[in-house]
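A short write-up of the structure that comes next.
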Amino acid sequence: MSYHFNEIEAKWQKYWTKNQTFKAENKSDKPKYYVLDMFPYPSGAGLHVGHPLGYIASDIYARYKRHTGFNVLHPQGYDSFGLPAEQYAIQTGQRPEDTTRVNIDGGFDKEGNKISGYRKQLDKIGFSFDWSREVRTSDPDYYRWTQWIFIQLFESWYDIETDKARQISDLTEIFSAEGNLKVNAACDDEIVEFSPGEWKLFSSEEKQQVLLKYRLTYLAESEVNWCPQLGTVLANDEIVNGVSERGGYPVVRKKMTQWSMRISAYAQRLLDGLSSIDWPQPLKDSQTNWIGRSKGALVEFPILAFPEGEGKQKPGYMTGGNNSHLLIDKAKQMRNNPTQAEKLLWDCLISKKLGYKFRQQHLIDDFIVDFVCLSKKLVIEVDGNIIHDSQQEKDEERTKIINNLGFRVVRFRNEEIIGNIDFVLEQIKIQLQQDVIPPSGARGIKVFTTRPDTIFGVSFMTLAPEHELVQEITTSEQKEAVSAYIEKSAKRSERERMADVKTISGVFTGAYAIHPLSGEKIPVWIGDYVLAGYGTGAVMSVPCGDQRDYDFATHFGLPIPNIFEGIDISEEAYAEKVGTKIANSDFLSGLSYKEATQKAIEALEAVHAGKGKINYRMRDAVFSRQRYWGEPFPVYYVNGMPQMIEEKYLPLRLPEVEKYLPTEEGEPPLGRATTWAWDTNKNEIVSNELLDVSKSIYPLELNTMPGWAGSSWYFFRYMDSENQERFVSEEAQKYWENVDLYFGGSEHATGHLLYSRFWTKFLKDRKFVAVEEPFKKLINQGMILGMSAFVYIVEPIFKYFENGNGNKMKGIEVSELFLDKRFIISYSLIQKEDTRELYDQLGFNNKDLQKKFKEELITKYSNITERFEDESIQKYLDNLENVEAVAVFAYKKRVDISLLIGLSDELDIGRFKKDLRYQDFSDAEVLTEDGKYIVGREPEKMSKSKYNVVSPDEICVQYGADSLRLYEMFLGPLEQAKPWNTAGITGVHSFLKKLWKLYHNDEVFGVSDEKASADSMKTLHKTIKKVTEDIEAFSFNTSVSSFMICVNELMAQKCDQREVLEPLAILIAPYAPHIAEELWQKLGNNESVATAAYPEFEEKYLVESTKEYPISFNGKTRFTLELPLDLSKEEIEEMVMANEKTKNQMEGRTPKKIIVVPGKIVNIVG
RNA sequence: GCCCAGGUGCUGGAAUUGGCAGACAGGCAUGGUUGAGGGCCAUGUGUCCUUAAGGGCGUGCGGGUUCAAGUCCCGUCCUGGGCACCA
């Protein structure tokens, strides 16, 4: 009875579906185990053999866990929103919804080609998925909850004090009670401070504006990565080498109003969480890298007010702005004519009763304040008796600016001072006791540095061209140069800027900053080596310690002071931290990196010019896409302010549009929808025409969510996929917790895997889930590469070059790599006169390259024929008649692997020539002696465009799903990338045939109930041990070879006992479930093998009494000797030395040393 | 430049608490079975010397530790992946 795998597999796949064998229950006595694969994007191309690799591994583990008594959740679904469906829609006009459905469930594409669909393809491989829990991210029942989570994010802010996300209503309560002064939140940088009174006075819109700066998802105008070809913005992780990940289109910087996710609030927790999860180290490393935490200091360098002055150093008390020279006379005048109240107060203040020095009518920026205590940064303003509204507004404005410079302001009215001077002084005293608030605002240049120890090495400062201060500080002389530079660098695309890191460019602003510790005057430059997006967009340049600063200084002739003891910096900067001593640095001289860093921060803090700071590289994630095929935002706009649609009216369904392109006005595709307005009375989507008619109807958001929205929480939905009340019920989530084992590719390291962790932490903070991390253990499966086939083409080219004498000549250029290949001569180009076309085809479209190639050909001409082993080309050339000159060279061309004969590397020349894709070669000549053409093969990523795709469907038909499963595992370690070679599958296929035979006597099934031999029991238990260890270590390739060894041994032993064959069937069931079920049934079991108890390993069958000792002399094994295992060291030594062979080896010498390791080895030295 | 992973036969790979390198497969070769092909079975297959017995050399390269190194240490080269004017 032979092994009819197709019948067997179809039978059991049907059985599993019918009996819902793998349906997971949310209630069970068994312990739970959650195994998950990253769900696929269902593309029109269907599955290739690379896709199921991870699914097979996870399936084996899930099945293994079922055998060992776990309640296993092993679901599957589709990440069905995404760009390719939309691109396809743009091209063909078909609805993405329809094409996506066909890609999953099967059907026909527009050309009428049959698409079998992901589901059918997956089903054929025999996975133990619980399909009753399937999710599709593009299903309104699913994205309803994606929208819901978005609303929760909108309704939350991040409280740094409690290190948690909290409801936005908590924040508004705090604002009403105490303003925002004490709020320590993750929020936008430019937050204006306000009191509870001011908060109450804000209009509704102003309040919404303020709150947007705190929300975890917020609308902000920011510089984004705009991809004109795709018509959308991209997140940082969707850009690779300055071009879009999908399609490879250029990306430019553009200012746009976009939804963003405040993931930066979670930077530290995302970093800390990594230590609690069992993920591959490289993956953790790349997340760590991406988050990019760096420890250092934030330092503020004040800007010199009179850069064009006599070069005098500005004293610390001169706090005036750029217009000080105009105001200073006015201030003097005011000092001489004080009001009554001013006079009274000044007399008290100048008497130093309060213990602090005050100044009168002093310049701060472009304002003259009445009194100021510079050391405590306290301003005292005296107001007239009658205060008009307009005056009050002006005062508030003025207070804000002064606040931003780091001064507090107290105001008293004239009558207060005159009426109760003691009370006023008491108030001032209280203010003086408070700490100085470091300046939060404008005039200083704030920089972030990881090397505060090198602060005395600063010789200039550099701002990013986009820096907001640039316009303000640039002197009139430099204005032109600076503007030109800014314009030039703004024009450069991101890619250009990245490609060109070598060119040093920059311009002096004319402004100077003041060193906060030395008081020295430091020139301020702008340069595009400083990135606007990182840190503060400005750097303190320490040329001796940073190569970029060094290069910049060298280029522009700026000074390079050396602050390292005994280090030569005449050639390059010195960036080593350890073992370095700081010199020429005032109080830091002589200190190590660590000591100096700490001292520098202390000193900066003392003068309120800086503080220690942790900076993160990770930016907030842009969450809007100008696309159609994504989740619509549950958002409408009232007076330009975003409003959330109430939860109970979700989902907000994606509208129909006629075309999937942006509108003429450049709006996203949803701008084409005619029914896309929100009626706040009826709470439904209504026609846009009503927008002007009714006051309760508002426009809906036109952007959609990015691809990662739906995938950031789907693992929770599987726990309770039918729930209509909640995204996952509390009980279901508490039961399944999180994913125990997650399989997927490492390419999602900084996208999906980071965003999922972020959302999970957020949901935990808001108590929607009870876990902090989504995936406990993660395994990255490696990519299966396709074996692309290549043909090697030589093409004769005429009128190609001339030698020095003006004669045309003959030559061959064949890459050395191709010397052992067979060639195909293409005639297609012979007829073509214009060689430029050929150049283009080969990439030699550059004049220099052409010249170089020509030269090389001439110099190599003399010895090329010797190097070239296949003489047929030479013969061909020699036989050419009436041709004076010809040059030939070879290149390779991909050929479709379906044009090969069988599984061999031989090209079907007839079909190749007839193939339309290779019509240039229809009259080609194949240079081979034996009439065969053997292609070259190279591993590459499997893809349709490379003609190297192997479909699992064909493999299943030819060899069966069990063979496919075993082979994919047998190929090599799971995490490794490895090439696919269909020919190799015969190994595992014949193994399965042998296994089948083991359970059969000739034509009939037959097992005996007799006792198995000791050898068979040993083989079985050895296999149980090895396979179990391997499966726990995810070493599936070695367990497959263990099965092979096991079956080979049992065959040799002629084993047919149930005692061995029954446990073996269970053992192999996770790997080859179909054949295992069939054998299990034939063994007389009625239930599926899926939940049969896993065989237990028993040591006793493996106990050996003897060991074949390798006997080595000076480390080289010469022979082996079988000895009982219970011998002592001495006994072993005695027996070995007594052996005849030992005596032969020693040839009468006495050993210097004898090493005996019982149970392992004997080594005789001498 | 920085971080990570990895270099073992013709190919995929096995062996890393230091203990007979090349398990298990594919390929190739020879033989058997078969009308033929496919299939199946058997044997061989790191490399060099040798009729053989046997021996030399062998895990990218160079050193070192050890009775013993693919495995540990130092240096170096190469390949693949990630990040990158990140201050």
Side-chain angles (χ1 to χ4, degrees), chain A residues 2 240-241 280-290 292-294 296 447-451 454 462 464 497-498 500-504 527-531 533-542 545-549 551-552 575 615-619 746-747 749-750 782-783 787 902-905 937 939 966-967 970-973 975-991 993-994 997 1035 1037-1046 1048 1108-1120 1151-1157 1159-1166:
Chain A
S2 53
V240 178
N241 293 327
Q281 196 55 42
L283 204 138
K284 286 191 188 181
D285 288 346
S286 67
Q287 286 209 351
T288 306
N289 205 331
W290 185 262
R293 177 190 149 111
S294 45
V447 298
F448 176 74
T449 176
T450 54
R451 298 291 304 273
T454 64
T462 317
R497 208 160 142 171
M498 279 173 66
D500 179 30
V501 292
K502 297 252 157 56
T503 316
I504 296 159
D528 67 4
Y529 82 97
V530 178
L531 304 175
Y534 181 74
T536 61
V539 298
M540 58 176 225
S541 301
V542 183
D546 183 291
Q547 194 57 45
R548 293 157 302 174
D549 295 342
D551 295 340
F552 195 86
N615 202 47
Y616 299 93
R617 192 183 70 98
M618 183 171 65
R619 324 295 331 149
S746 55
E747 67 272 20
T750 50
M783 205 187 308
M787 274 306 234
L903 296 177
S904 72
D905 289 345
R937 310 221 53 173
L966 282 177
Y967 188 52
F970 186 64
L971 230 38
E975 328 78 62
Q976 214 169 78
K978 55 231 162 217
W980 177 267
N981 173 17
T982 305
I985 202 171
T986 53
V988 292
H989 186 62
S990 61
F991 157 74
K993 284 196 273 194
K994 279 190 225 168
K997 245 164 105 182
S1035 177
N1037 55 328
T1038 51
S1039 47
V1040 174
S1041 60
S1042 301
F1043 284 127
M1044 289 172 168
I1045 295 167
C1046 174
N1048 287 346
E1108 184 95 358
Y1109 277 94
I1111 312 298
S1112 46
F1113 295 83
N1114 297 319
K1116 281 165 194 154
T1117 307
R1118 292 300 179 211
F1119 60 91
T1120 60
K1152 281 189 199 134
K1153 201 173 181 183
I1154 301 168
I1155 316 281
V1156 177
V1157 184
K1160 285 248 163 102
I1161 201 169
V1162 177
N1163 190 14
I1164 298 157
V1165 188

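By convention in this document, chain letters (A, B, ...) are assigned in the order of the sequence lines, proteins followed by strands, and residues within each chain are numbered from 1. Given the structure is predicted, the values throughout are model-derived calculations rather than measurements.
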What's [X] touching, base or sugar-phosphate or nothing? Going by heavy atoms closer than 4.0 Å.
| X | value |
| --- | --- |
| A/N1114 | nothing |
| A/V1165 | sugar-phosphate |
| A/K1153 | sugar-phosphate |
| A/K993 | sugar-phosphate |
| A/T462 | nothing |

Ignoring backbone atoms, establish whether [X] has a side-chain N or O less than 4.0 Å from OP1 or OP2 of [N].
| X | N | value |
| --- | --- | --- |
| A/K978 | B/G13 | no |
| A/N1037 | B/A14 | yes |
| A/S294 | B/A87 | yes |
| A/Q976 | B/G13 | yes |
| A/R617 | B/A87 | no |

Name the closest nucleotide to the [X] side chain, picking from [options].
| X | options | value |
| --- | --- | --- |
| A/M1044 | B/C67, B/C24, B/G19 | B/C24 |
| A/R548 | B/C41, B/C86, B/C24 | B/C86 |
| A/T1117 | B/C83, B/C20, B/A23 | B/C20 |
| A/I1155 | B/G13, B/C24, B/C67 | B/C67 |
| A/S1041 | B/C67, B/A23, B/C57 | B/A23 |
| A/Y529 | B/C85, B/C40, B/C20 | B/C85 |
| A/E1108 | B/C20, B/G19, B/A23 | B/C20 |
| A/L531 | B/G19, B/C86, B/C83 | B/C86 |

Base B/C67 to side chain A/N1163, donor-acceptor N/O within 3.5 Å cut-off
yes
When syn is taken as a glycosidic angle within 90 degrees of 0, is B/G63 syn or anti?
anti
Please test A/N1163 against A/K1153 for side-chain hydrogen bond (donor to acceptor under 3.5 Å, both in side chains), starting from the C-alpha separation and ending with a verdict.
CA-CA 8 Å; A/N1163 190 14; A/K1153 201 173 181 183; over 6 Å; no
